Visitor: 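Have a look at the structure that comes next, please.
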2 protein chains.
Amino acid sequence: MSNKTLPTIYDVARASGVSIATVSRVLNDPHKVTEETRATVLTAIDRLGFVPKAEARARALRSTGRIGVLTPFFTAQSFVQRLRGAAEVLSKHNYELVIYTVSSSVRLNAYLETLPIAHTLDGLIILSLQFSDQHAERLASHGLETVLVEYPHLTLNSIEIDDVAGGRQAAQYLVQKGYTSFGFAGDTTVPEFGIHPITLRLAGFRQGLAEAGFELCAENTLLVPYDMEASRLQGRQFLQRSDRPRAIFSATDLQAVGLLRAARDLGLKVPSEVAILGFDDLDLAEHVGLSTIRQHLDESGRVAAELLLARLADPSRPIQHIHLPLTVITRETA
Amino acid sequence: MSNKTLPTIYDVARASGVSIATVSRVLNDPHKVTEETRATVLTAIDRLGFVPKAEARARALRSTGRIGVLTPFFTAQSFVQRLRGAAEVLSKHNYELVIYTVSSSVRLNAYLETLPIAHTLDGLIILSLQFSDQHAERLASHGLETVLVEYPHLTLNSIEIDDVAGGRQAAQYLVQKGYTSFGFAGDTTVPEFGIHPITLRLAGFRQGLAEAGFELCAENTLLVPYDMEASRLQGRQFLQRSDRPRAIFSATDLQAVGLLRAARDLGLKVPSEVAILGFDDLDLAEHVGLSTIRQHLDESGRVAAELLLARLADPSRPIQHIHLPLTVITRETA
DNA sequence: ATAATTCATGTAAGTGCTTTCACAAAAGCA
DNA sequence: TGCTTTTGTGAAAGCACTTACATGAATTAT
């Protein structure tokens with residue numbers, strides 16, 4: 001009973017013992033065929049589930065909708081957590097999730113140019129990727145419903161956080177804990193595509209310190225690539241200095257954990273000898289007991305997906321820019 | 001402007017004064033076309049509201065350019081790491097990655113019934129899901145190329161590890177390190193769908209201990225749900241006992257980290273007072289310095305995707321059952 | 001200045017299925 | 001025995017695209 005592939009007109013012909021021409025005639029000029037053969041052919045058609053246009057059949061079978069997610073390298077845990085949130089709600093609503101990993105700005109542009117015209121997606125979620133007004137325009141004009149995460153645009157739905165405020169929160173928290181000398185650790189490489197919120201967090205941190213009458217001096221700023229091992233090694237140098245800061249805000253959890261390990265390597269007690277505060281709240285942070293500023297990553301994906309589905313259900317809904325809160329999570333390191 | 005029928009690639013070509021080949025290139029390899037002509041073509045496309053027919057495209061290409069992945073909960077890190085490996089190679093080969101989160105056996109069946117007929121995928125990767133001969137039959141008969149990860153089937157390609165051997169390796173490693181009393185921590189809940197390799201790892205562990213003349217007594221076996229916090233809490237009870245085992249093999253890294261935290265909570269030195277060895281080598285393991293048995297999760301996804309692509313390129317290739325090795329990774333906890 | 005190369009583009013040959021065509025064979029009715 | 005009517009046959013054309021190869025222009029190297 002299981003046919004190799006979809007039944008074609010040839011299968012129907014064979015099954016009903018006539019030629020393909022006759023089958024075609026049954027479908028197109030029925031009156032040119034005897035009542036009798038027409039009946040046999042029609043039952044064969046029914047039995048095989050033959051649909052003349054393969055295209056129509058494919059559409060019929062694809063009952064579910066399809067949502068695409070454009071994401072930069074899926075290696076970073078923060079994207080995974082966002083994706084996880086989105087996947088959760090999409091799967092609940094029976095949507096397929098198509099992932100496009102964007103590895104260069106060329107790829108990004110290619111996607112943004114062709115995806116909207118291909119009409120193969122019902123909606124699109126874009127994670128942390130920078131793009132132009134033309135692209136926004138193009139998405140809108142082709143009616144591809146879109147939600148941006150982390151990179152806002154006036155004419156499109158977005159989920160955002162306030163990185164500057166996050167930096168300030170970090171400063172306030174550490175100040176209020178009684179620390180008086182501060183350090184910062186963050187990423188250096190500014191990507192050609194994608195987004196770099198680190199600078200904003202740093203700016204906010206500086207601001208927050210200034211408001212409390214402190215400042216961050218240049219030698220207490222550690223710039224290091226977004227990589228655990230690198231931050232561990234460079235962190236070791238940084239922490240070895242006798243005049244090292246007492247409290248360090250790291251713009252990402254990954255780097256914070258690198259620092260934490262460096263501290264452990266040096267036998268420094270955390271937080272009594274150095275306090276470390278991260279940013280993001282990756283799963284990882286909980287696992288190692290890192291105090292951090294939570295940006296609700298899973299939630300951002302969840303909210304993005306929900307917003308998208310809501311707009312698909314009712315396209316007249318107005319554009320929304322949803323701001324997610326940041327929360328200080330106190331664990332063991334600050 | 002009256003749309004008699006849908007515009008085709010010919011209409012776009014005529015409207016923008018190029019050949020259909022160029023239009024096709026704009027859509028498929030944009031970089032092969034001058035910025036300038038690309039712009040004219042794109043505006044023509046926009047103006048006419050041209051939508052390329054996916055069906056015709058698939059026909060000409062003899063492929064949809066899409067690979068599906070069936071996975072249980074996207075929440076567990078091990079699946080994410082597998083996915084990451086697969087995503088990496090698929091995106092390199094310009095394939096779209098469609099994710100189907102399978103939350104119940106009903107859903108699994110539904111997918112396995114419709115996906116092969118819908119002809120909307122070139123290939124399928126199935127992660128850690130149990131399925132029947134009928135399903136295998138169905139996939140094969142519809143010519144949907146499939147690779148299984150973690151659940152082997154005679155007639156389909158698969159990527160496997162030897163969980164029993166892994167358990168033995170764990171035992172051997174700990175024995176050779178000089179420990180003489182052993183414990184085990186693992187998952188209890190056997191899912192109705194999905195797979196449960198934990199029992200195998202335990203069996204292997206027992207076997208390995210026996211070979212060295214040791215045994216695992218019942219009160220040194222901790223059964224606890226797959227959850228960090230739960231293993232931490234129950235781990236605390238377990239480790240508090242004065243007759244606790246000196247070396248513990250945890251069947252998953254997540255639970256191992258739970259134990260590790262429990263040990264830290266109790267002020268126990270690791271590994272000098274209690275040694276902990278995990279299994280999986282999640283990213284997490286490196287972050288917390290957990291010694292563990294690496295099962296090359298990323299690699300499994302990568303290999304699965306490569307195998308799939310190889311079979312798509314040359315369907316005459318024989319079925320393969322690839323066994324990935326397990327490696328003991330010594331870090332700081334055992 | 002000339003040869004060599006790269007490059008954008010067009011031509012035309014595919015792709016798998018369906019429809020149409022001209023014509024022949026068979027069957028049905030005088 | 002003829003003359004319709006109904007089928008079968010194989011070939012060809014269409015559909016809406018992709019792509020290998022060819023071409024000629026532009027750019028670079030010599």
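Lettering of chains follows the sequences in order, A, B, ..., and the numbering in each one begins at 1. Since we're looking at a predicted model, the values are computed, not measured.
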Visitor: Counting only side-chain N and O atoms of B:T34, is one of them less than 4.0 Å from OP1 or OP2 of C:dT9?
Guide: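 Yes.
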Visitor: Roughly, in whole Å, what's the span from CG in B:L61 to P in C:dT15?
Guide: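 The answer, rounded to whole Å, is 13 Å.
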Visitor: Within residues 14-27 of chain A, find the residues that approach DNA chain D with a heavy atom at under 4.0 Å, and present them sorted by residue number.
Guide: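 Under 4.0 Å from DNA chain D: A:G17, A:V18, A:S19, A:A21, A:T22, A:R25.
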Visitor: I want to verify a distance call: between C:dT18, D:dC17, C:dT20, whose nearest atom is closest to the B:K53 side chain?
Guide: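 Output: D:dC17.
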Visitor: Should the pair B:R138-B:E113 be classified as a salt bridge under the 4.0 Å nitrogen-to-oxygen rule?
Guide: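 Judged by the 4.0 Å cut-off on N to carboxylate O distance, B:R138 and B:E113 do not form a salt bridge.
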Visitor: What are the two closest heavy atoms between B:I125 and B:A86, and how far apart are they?
Guide: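 Shortest heavy-atom separation between B:I125 and B:A86 comes out as CD1-CB, 4.4 Å.
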Visitor: Provide, to the nearest angstrom, the distance between the CG atom belonging to B:D29 and the C1' atom belonging to D:dT18.
Guide: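 Atom-to-atom, B:D29 to D:dT18, this comes out as 10 Å.
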Visitor: For A:Y100 and A:Y111, I'd like to know if the aromatic rings sit close, meaning centre-to-centre distance below 6.0 Å.
Guide: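 That pair passes the under 6.0 Å test.
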Visitor: Check this one for me: any side-chain N or O of B:R57 less than 4.0 Å away from OP1 or OP2 of D:dA16?
Guide: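 Result: no.
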Visitor: NE2 of B:H31 versus P of C:dT6: gap in Å, rounded?
Guide: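 About 17 Å, once rounded to whole Å.
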Visitor: Would you call B:R84-B:D283 a salt bridge at under 4.0 Å N-O?
Guide: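 Result for this pair is yes, salt bridge flagged.
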Visitor: Find the distance B:I45:CD1 to D:dC17:P and express it as a whole number of Å.
Guide: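 For the pair B:I45 CD1 and D:dC17 P, the rounded distance is 10 Å.
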Visitor: Between D:dT18, C:dG16, C:dC17, which one does the side chain of A:T8 approach most closely?
Guide: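 Closest nucleotide to the A:T8 side chain: C:dC17.
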Visitor: Between the axis at one end of the helix from C:dA1-D:dT30 to C:dA30-D:dT1 and the axis at the other (five pairs apiece), what's the angle to 10 degrees?
Guide: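 Axis-to-axis angle, ends of the helix: 30°.
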Visitor: By nearest nucleotide on DNA chain C, pick out whichever of B:R38 and B:A60 is the more 5' one.
Guide: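 Looking at the nearest nucleotide for each, B:R38 comes out on the 5' side.
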Visitor: Output the rounded distance in Å from CD1 (A:I9) to P (D:dT9).
Guide: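 Those two atoms, CD1 and P, are 14 Å apart.
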Visitor: Out of B:L312, B:L308, B:T64, which residue meets the side chain to side chain contact (heavy atoms under 4.5 Å, CB included) rule with B:Y95?
Guide: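 Passing option: B:L312.
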Visitor: In whole Å, I'd like the distance from the CG atom of B:D11 to the C1' atom of D:dA16.
Guide: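 My rounded result for the distance is 11 Å.
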Visitor: Under 4.0 Å, counting only non-hydrogen atoms across every strand here, what does B:R62 touch: a base, just sugar-phosphate, or nothing?
Guide: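 Counting heavy atoms under 4.0 Å across all strands, the contact made by B:R62 is with sugar-phosphate only.
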Visitor: Could you tell me the separation between the OH atom of A:Y10 and the P atom of C:dT19, rounded to a whole number of Å?
Guide: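 That distance rounds to 11 Å.
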Visitor: Take atom NZ of A:K32 and atom C1' of D:dG8, then tell me their distance rounded to the nearest Å.
Guide: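 Distance check: A:K32 NZ to D:dG8 C1' gives 15 Å.
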Visitor: Looking at B:T37, does any N or O in its side chain come under 4.0 Å of the phosphate oxygens OP1/OP2 on C:dT9?
Guide: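 Result: yes.
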Visitor: Under the side-chain hydrogen bond (donor to acceptor under 3.5 Å, both in side chains) rule, what do A:S19 and A:T22 come out as? Steps first, then yes or no, please.
Guide: CA-CA 5 Å; A:S19 72; A:T22 307; 3.3 Å; yes
Visitor: Set out, in order, the CA-CA distance, both residues' side-chain angles and the distance that settles side-chain contact (heavy atoms from CB on, under 4.5 Å) for B:L124 and B:L139, then state yes or no.
Guide: CA-CA 9 Å; B:L124 190 60; B:L139 291 169; 4.1 Å; yes
Visitor: Can B:R14 and B:D11 be counted as an ion pair, charged N to O under 4.0 angstrom?
Guide: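 Salt bridge between B:R14 and B:D11, a charged N being under 4.0 Å from a carboxylate O: yes.
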Visitor: Could you give the distance from CG (B:L83) to CD (B:Q77), rounded to the nearest 0.5 Å?
Guide: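 It comes to 10.5 Å.
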Visitor: For the side chain of B:A56, counting heavy atoms from C-beta on, which of C:dT19, D:dT18, D:dC17 is nearest?
Guide: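 Looking only at heavy atoms from C-beta outward on B:A56, the closest nucleotide is D:dC17.
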Visitor: Test salt bridge (Lys or Arg N to Asp or Glu O under 4.0 Å) on B:E55 and B:R59; report intermediate values, then the result.
Guide: CA-CA 6 Å; B:E55 220 277 324; B:R59 197 169 48 212; 3.4 Å; yes
